[in-house]
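Numbers here are sequence positions counted from 1. As the structure lists them, so they are numbered: ligands from 1, and atoms in each ligand from 1. Computed from a predicted model, the values in this text were never measured in an experiment.
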Amino acid sequence: MTPFPRSDYAELDRYDPGRTSVDVDLSDNTNLWGPHPRALARIRAADGDDLSRYPELYADKLRNAVADRFGIRPECVTTGAGSDDVLDSAFRASSEQGAVVAYPAPTFSMASELALMNGMRPRPIVWSHALDTPELLLENQPSLVYVCRPNNPTGEAAPVKWIDKLVGLCEDSGTLVLIDEAYADFAGASLISTAVEVPNLLVTRTTSKAYGLAGLRCGYGVARPDVILEVDKSRGPYKVATLAADAAAAAIQDADGWMARSIDECLNNRHRLHEELQKRELDPLESQANFILFRAPSGSATDDARALRNQGVQLRPFKKIPSLGDSLRVTIGPWPLLERFLYVLDSHLSALNGMDSS
Ligand SMILES: *Cc1c(COP(=O)(O)O)cnc(C)c1O
């Protein structure tokens with residue numbers, strides 16, 4: 001018998017992205033245009049049964065909505081309370097205790113957390129040009145390879161050829177490939193149609209970002225039915241609340257309406273903000289998502305983030321990003337919010353310059 005608490009949990013803590021309440025929060029990549037109106041309408045039409053009865057075991061209405069949207073079979077869809085929950089179930093389903101989870105780094109911080117939570121060993125491989133060799137990811141015989149595409153926090157999307165090679169290698173070794181498409185709605189490119197064809201490939205998506213429904217906690221995954229079954233075994237029943245599943249389904253059924261328009265505006269603003277950051281020589285990375293990562297002007301991301309937050313604008317700081325160093329990630333929202341950010345940024349930049357010349 002091993003005593004409580006388990007020793008490998010010593011490396012874990014409660015998740016803390018360091019957010020505080022501010023005027024303009026550009027730190028968490030949620031949709032700053034608000035929630036999908038169809039989802040809100042479904043919540044407003046709630047009745048007693050929505051609360052007093054159990055939800056569907058495996059959220060079939062939501063699975064059907066996803067299947068319709070992508071022209072696939074509902075057996076190819078799993079769901080969860082947020083895509084973090086789908087990822088969690090997939091991590092657990094893929095691996096025995098002590099197995100290796102490999103991923104290109106830097107990436108979504110939950111990748112290593114979920115590995116540790118599930119008794120696995122995280123193996124970050126620094127994302128560089130050498131990574132046109134996906135073999136590197138397989139060096140430690142991982143049971144799972146996680147790739148975020150487009151990647152959080154850099155916004156870059158791994159090239160299709162690279163993914164194809166990785167998927168081929170993993171098929172040979174029996175490794176599950178997990179592609180996290182939390183931001184694919186902004187990129188246009190997706191591996192969903194591949195995932196229903198090839199073995200060992202699971203694609204996860206969320207309604208937290210483009211759909212503006214982070215508070216609902218809904219996500220889904222797409223793969224062949226044999227993969228989905230294994231994920232559902234570790235997921236368990238009743239994971240998605242009735243109102244959340246119904247509201248998410250309503251939003252997904254109308255993905256070409258409100259959401260398409262809000263994505264359009266987001267991409268326009270992304271382009272504009274990229275140019276503004278370039279003008280200020282802050283080396284913004286070319287992003288395929290609803291955020292941009294750029295060089296921290298003082299060299300310390302935490303110092304810069306604190307200075308901006310003191311003026312009411314919250315960004316997410318990152319330490320030591322390869323080729324960029326300390327960096328800041330800004331969520332793209334309606335232009336007036338970004339204008340406020342640029343105003344505060346400029347005042348911070350002149351304060352830094354003043355310090356230089358003194
Ligand atoms: C925000 C985010 C998620 C989390 O999505 P939820 O569905 O809200 O759990 C998953 N992956 C990445 C890369 C994210 O940035």
Side-chain angles (χ1 to χ4, degrees), residues 14-19 25-32 35-36 39 59 62 65-66 77-92 101 103-115 117-118 122 124 127 144-158 177-187 189-192 202-222 231 235 239-241 244-245 247-249 251-252 259 266 285 287-293 315-318 321 327 329-333:
R14 288 195 175 102
Y15 185 62
D16 178 16
R19 289 178 59 209
D25 190 348
L26 306 176
S27 75
D28 69 359
N29 304 338
T30 49
N31 191 332
L32 299 167
H36 195 298
L62 177 57
V66 172
V77 182
T78 183
T79 59
S83 64
D84 281 357
D85 185 42
V86 182
L87 294 171
D88 185 38
S89 303
F91 272 52
R92 204 162 39 247
V101 179
Y103 50 90
T107 193
F108 187 39
S109 57
M110 284 302 288
S112 62
E113 304 269 312
L114 287 166
M117 282 159 64
N118 287 296
W127 180 261
L144 178 70
V145 172
Y146 169 91
V147 178
C148 184
R149 184 173 186 269
N151 187 40
N152 180 2
T154 57
E156 299 154 327
V177 181
L178 208 167
I179 307 288
D180 183 339
E181 291 195 347
Y183 301 98
D185 295 300
F186 303 99
S190 171
L191 287 155
I192 283 186
L202 176 71
V203 172
T204 60
R205 289 269 189 122
T206 178
T207 54
S208 297
K209 306 286 160 59
Y211 289 92
L213 303 174
L216 280 185
R217 309 305 303 130
C218 263
Y220 56 92
V222 175
V231 177
R235 171 201 192 265
K239 285 303 267 298
V240 185
I252 288 169
M259 192 175 83
C266 179
L285 298 184
S287 171
Q288 310 255 10
N290 68 336
F291 54 80
I292 295 178
L293 191 72
L315 266 51
R316 180 81 182 265
F318 290 89
I321 300 285
S327 307
R329 191 191 66 196
V330 54
T331 303
I332 308 299

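Distance CG/L114 to CG/L144: 10.0 Å, rounded to 0.5 Å.
Across all non-hydrogen atoms, the minimal contact from R235 to A59 is NH2-CB, 4.2 Å.
Near F108, meaning under 4.0 Å from one of its heavy atoms, ligand 1 places the atoms 2 (C), 3 (C), 10 (C), 11 (N), 12 (C), 13 (C), 14 (C), 15 (O). Of all atoms in ligand 1, listed by their number and element, those nearer than 4.0 Å to a heavy atom of R217 are 6 (P), 8 (O), 9 (O).
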Does D180 form a side chain to side chain contact (heavy atoms under 4.5 Å, CB included) with V147? I'd like the steps, not just the answer. CA-CA 6 Å; D180 183 339; V147 178; over 6 Å; no
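Under the 4.0 angstrom criterion for non-hydrogen atoms, M110 is not in contact with ligand 1. Taking a 4.0 Å cut-off on heavy atoms, S208 registers as neighbouring ligand 1. Heavy atoms of D180 come nearer than 4.0 angstrom to ligand 1 in at least one pair. Residue contact check for ligand 1: C148 places a non-hydrogen atom closer than 4.0 Å to it.
The nearest protein atom to atom 15 (O) of ligand 1, hydrogens excluded, is given as Y183 OH, 2.6 Å; this is a heavy-atom distance. When only non-hydrogen protein atoms are considered, atom 4 (C) of ligand 1 lies nearest to D84 OD1, 3.3 Å. Nearest protein heavy-atom contact of atom 2 (C) of ligand 1 is K209 NZ, 2.5 Å.
The N/O atoms of Y146, backbone and side chain alike, include none that comes under 3.5 Å of an N/O atom in ligand 1.
Two residues are said to be in side-chain contact when any heavy atoms from C-beta on lie closer than 4.5 Å; S287 and L293 fail this criterion. Side-chain contact between F291 and N152 is present, with heavy atoms from C-beta onward closer than 4.5 Å. Within the 4.5 Å cutoff, the side chain of D85 has heavy atoms near those of the K239 side chain.
Under the side-chain hydrogen bond (donor to acceptor under 3.5 Å, both in side chains) criterion, T107 pairs with N151, not counting sequence neighbours.
If you look at S83 next to ligand 1, the close heavy atoms, those under 4.0 Å, come from the backbone and the side chain alike.
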Would you give me the side-chain donor-acceptor pairs under 3.5 Å for residues 209-220, sequence neighbours excluded?
| from | atom 1 | to | atom 2 | distance (Å) |
| --- | --- | --- | --- | --- |
| K209 | NZ | Y183 | OH | 3.1 |
| Y211 | OH | R69 | NH1 | 3.1 |

